[in-house]
Amino acid sequence: MYPWLHLGNFTISTYSLLFLCAYIIGGAITYFEAKRQRRATEAILRVALGALVGGLLGAKLSMLIFLGPATFIKDLPYLWFSGQAWTGAFFGGYLGVILVKRFNHINYSTGDIFALALPLAQAIGRLGNLLGGDPFGLPSTLPWALMQHGVRRQPSALYELVLDLILFAIILRLRDKMPRPGDLFKLYVVGYCSFRFLVDFTRADPHVFLGFTLVQVLYAITILWFSSSLWLSWRESREARRVSENQAREIV
């Protein structure tokens, strides 16, 4: 583990440094995707800022739930460089986008612009977790287990890093092949939440319901919601294509 990077007289948290890189690279990819889709507009910039602010607030404030009020208050002096949850960032960012779109009367889908950037940014963030020695995996005797505070544990951050890169490759391949606008983002949500649901079985997080962690409970609901929406979109697109083909045959 390498939680700190020493540069002369300066000491930088590798966790914070890599999360900063994740935000920068994620923002750059989002910008290029907006230009590629010819949507690099002021409206999209407002949506992106809403996602960023909501994500930052959600990442920090959600630690109140994951750590508990007492630990959260005790750790407040350190939260500027640690203590942020992607689950909180996701829901906070999503809420930020919804609010910005509502206040600005933006009624078209914007999620596809962010879909490619998110898994790559998450992979970079998980590298920061891996180097910083967080999160704690379950004790393990596997050959690739990592030493964390004197105990060999499952490398949960490494698992998620690899799965995030796989999801990035899938999104990259399918980004122009989804039936309808917004479907690529739904695919990202279903893919990431499914991967994270599985990874949580290797983490030493507390179980809150029927042997599942809080994240697994939240993501199970999210998977069902976005999967049904994605399936409905695919079915409606297929039906519209079938009607169009029948009309074309009638004309011929």
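All heavy atoms count here, side chains included; hydrogens, waters and symmetry mates do not.
Connection of Ile166 to Met178 is established within a shared hydrophobic cluster, with ILVMFWY side chains joined at heavy-atom distances below 4.5 Å, either directly or through further cluster members. Linking ILVMFWY side-chain heavy atoms closer than 4.5 Å, directly or via other members, places Leu224 and Tyr192 in two distinct hydrophobic clusters. Using a 4.5 Å cut-off between side-chain heavy atoms of Ile, Leu, Val, Met, Phe, Trp and Tyr, with links allowed through other members, Leu174 and Phe185 fall into the same hydrophobic cluster. A single hydrophobic cluster is seen to contain both Ile25 and Val162, as judged by linkage of ILVMFWY side chains at heavy-atom distances under 4.5 Å, directly or through other members. Residues Leu184 and Tyr108 are members of one and the same hydrophobic cluster, defined by side-chain heavy-atom contacts under 4.5 angstrom among Ile, Leu, Val, Met, Phe, Trp and Tyr.
Counting all heavy atoms, side chain and backbone alike, Ala204 lies closest to Leu138 at CA-CD2, 3.8 Å.
At distances below 3.5 Å, not a single donor-acceptor pair connects side-chain atoms of Thr202 with backbone N or O atoms of Gly137. Using modelled atom types, no side-chain atom of Arg152 and backbone atom of Met147 make a donor-acceptor pair closer than 3.5 Å. Gln216 contributes a side-chain N or O that, together with a main-chain N or O of Thr213, makes up a donor-acceptor pair within less than 3.5 Å. In this structure a side-chain-to-backbone donor-acceptor pair under 3.5 Å is missing from Ser229 to Trp225. Within the 3.5 Å criterion, the main-chain N or O of Ser233 finds no donor-acceptor partner in the side chain of Ser237.
Using a 4.5 Å heavy-atom cutoff, the side chains of Leu165 and Leu120 are in contact. Contact of the Asn129 side chain with the Tyr15 side chain is registered, since non-hydrogen atoms from C-beta on lie closer than 4.5 Å.
Taken to the nearest 0.5 Å, the CG atom of Asp164 stands 10.0 Å off from the CG atom of Leu118. Atom-to-atom distance recorded for Asp200:CG and His207:NE2 is 8.0 Å, nearest 0.5 angstrom. Summarising the geometry, atom CG belonging to Leu116 is positioned 12.5 Å from atom CD1 belonging to Ile170; distances are rounded to the nearest 0.5 Å. Atom CG of Asn104 sits about 10.5 Å away from atom CG of Leu99, to the nearest 0.5 Å.
Within 6.0 Å of CZ on Phe209 lie no more than 12 heavy atoms contributed by other residues, nucleotides or ligands. Summarising the local packing, CZ of Phe91 is surrounded by more than 12 heavy atoms from other residues, nucleotides or ligands at distances under 6.0 Å.
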(request) Please report the C-alpha distance between Tyr159 and Phe195 in whole Å, then the side-chain angles of each, then the deciding distance to 0.1 Å, and finally whether the ring pair (Phe, Tyr, Trp, His ring centres under 6.0 Å) criterion is met. (result) CA-CA 9 Å; Tyr159 295 152; Phe195 285 158; over 10 Å; no
(request) Please report the C-alpha distance between Phe103 and Arg46 in whole Å, then the side-chain angles of each, then the deciding distance to 0.1 Å, and finally whether the side-chain contact (heavy atoms from CB on, under 4.5 Å) criterion is met. (result) CA-CA 11 Å; Phe103 288 137; Arg46 289 196 293 268; over 6 Å; no
(message) Determine whether Arg203 and Arg196 satisfy the following criterion, side-chain contact (heavy atoms from CB on, under 4.5 Å), listing intermediate values before the conclusion.
(response) CA-CA 10 Å; Arg203 292 176 54 148; Arg196 175 59 193 273; 3.0 Å; yes
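Checked against the 6.0 Å centroid threshold, Tyr188 and Phe114 do not count as a close aromatic pair.
Remark: Arg180 does not engage Asp183 in a salt bridge, criterion side-chain N to carboxylate O under 4.0 Å. For the pair Arg175 and Glu33, the salt-bridge criterion is met [side-chain N within less than 4.0 Å of a carboxylate O]. Using a 4.0 Å cut-off between charged side-chain N and carboxylate O, Arg235 and Glu239 make no salt bridge.
No donor-acceptor contact under 3.5 angstrom links the side chains of Ser194 and Tyr219, judged on distance only.
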